[in-house]
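Counting starts at 1 for both ligands and their atoms, in listed order. Starting from 1, each residue takes its place in the sequence as its number.
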Amino acid sequence: MVDMKISLCGVQLDNPVIPASGTFGYGREFAELYDINMLGTFSFKGTTGKRRFGNPTPRIAECREGLINSVGLQNPGVDSVIGEELPALAKVFSKPVMANVSGFSIEEYVSVALKLAAQKQVGWIELNISCPNVHNGGMVFGTDPKQAAEVVGAVRKALDSQKASGGSRPLIVKLSPNVTDLAEIAFACEDAGADGLTLINTLQGMRIDLKTGRPVIANRIGGFSGPAVMPVALRMVYQVYERVRIPIIGCGGVSSAEDVLEMMLAGATAVQVGSANLVNPYACRDIIEALPETMKKYGIETLSDITGGAH
Ligand code: SIN
C-alpha cells in the first residue's frame, strides 16, 4: 500500500490534493457531489473585511487550454463567513480548512487574518497578495518584495500576539507570477515570517471579441489559468524551491495525478487544483483516486519522499 500523507506546516494531511481558492467556494456545493473529507483540505474563497459584489460582467473568457477570470474577490465578507459559511461547512467537512485572506490595506489583511485564525476549523491562513483583478490591493502587495514583506510581517506579528489564546495559525502566502523575479519576493516573504508559500496565482491575460472588436472581459484584463499554465507554474516552483526553506504548495494548471507528481518533484509539498474543478467538479476526487496507481507506476511508495526530487 502506498503512503500519500504529507505534513503542511506541521499539520498532517491524508494526501496533498487541495482545491484552490476561488474554484471551490466555501465547500458546500461540492459536498453535495462527493464526500469532500477525502481531500487533503481545500482553500476557501478569498475573503475580505466587507462583503464584495466583485467586478462587472462579463468576468470569464474561455481560452484554449484554460480560462481568464476577473471575478474581483466577490465574497460575503469575513463576518458572514464566520457566522454562516463555517457553521454550514462544519456539517460536511471535519478537517482543518485553509482560509484565503484577501484585502486592500495592511490593516484589512491583519484584521481578517486575526478573525479567521481564531476559528477552530481554520488550519492555515493563506494570505492572497496576488489577485490580479482588483486595484489598490491584491497583486500590488505581491509584486514588490518590500511591500510583500511589510504585509506578511504585520500579519505574522498579529498572529503571534494571538498565540497564547490559541488564535494563531501557520501563515502561507499566495504569490503572483506576474513579476520578474519571483524567488526574490518569495525570499522576502520567508524572511518576514511566512511559514509556507502557494505558487502561483493566475497569469495576466486578455481576449478580444472579434464581433465587437473589444475586450471580452469588462475589466479588459484578467487572470489566466488552466492546463496551459502548468509548465510556467512548475518552473516557478522549481526556482523558488532553491531559494527558500519553507514548504511550497504548487498551483497552476494541475489536472491529473501525473501533474501532482511533477509539481512535487519540482519542490512542492502539497498541490492545489484550480480551474480543473470548474471543468469537472469531480476533478480532485478523480486525482486522489488515481494517485495510488500512478505512484505505483513510477515506483513511489511514500509520496512525501519525492518533494524536490528533481533537483
Ligand atoms: C478574483 O476573485 O478575482 C480571483 C482571485 C485571485 O485571483 O486571487
Within residues 141-154 or reaching into it, pairs that qualify as side-chain hydrogen bond (donor to acceptor under 3.5 Å, both in side chains) - sequence neighbours excluded
none
Pair Arg59-Gln74, side-chain donor/acceptor within less than 3.5 Å:
yes
Whether Phe24 and Phe42 hold their rings parallel, tilted or perpendicular, with breakpoints at 30° and 60°
tilted
Using a threshold of 4.0 angstrom between heavy atoms of the protein and any atom of ligand 1, which residues qualify?
Lys45, Asn69, Val71, Gly72, Leu73, Asn128, Cys131, Pro132, Asn133, Asn201
Just jot down the ring-ring contact (aromatic ring centres under 6.0 Å, His included) partners of Tyr109, sequence neighbours excluded, or say none.
Phe141
Go through the side-chain N and O atoms of Ser176 and Asn201 and say whether any donor and acceptor fall under 3.5 Å apart.
no
Within residues 222-251 or reaching into it, pairs that qualify as side-chain hydrogen bond (donor to acceptor under 3.5 Å, both in side chains) - sequence neighbours excluded
Ser225-Ser275, Arg235-Gln239, Glu242-His311
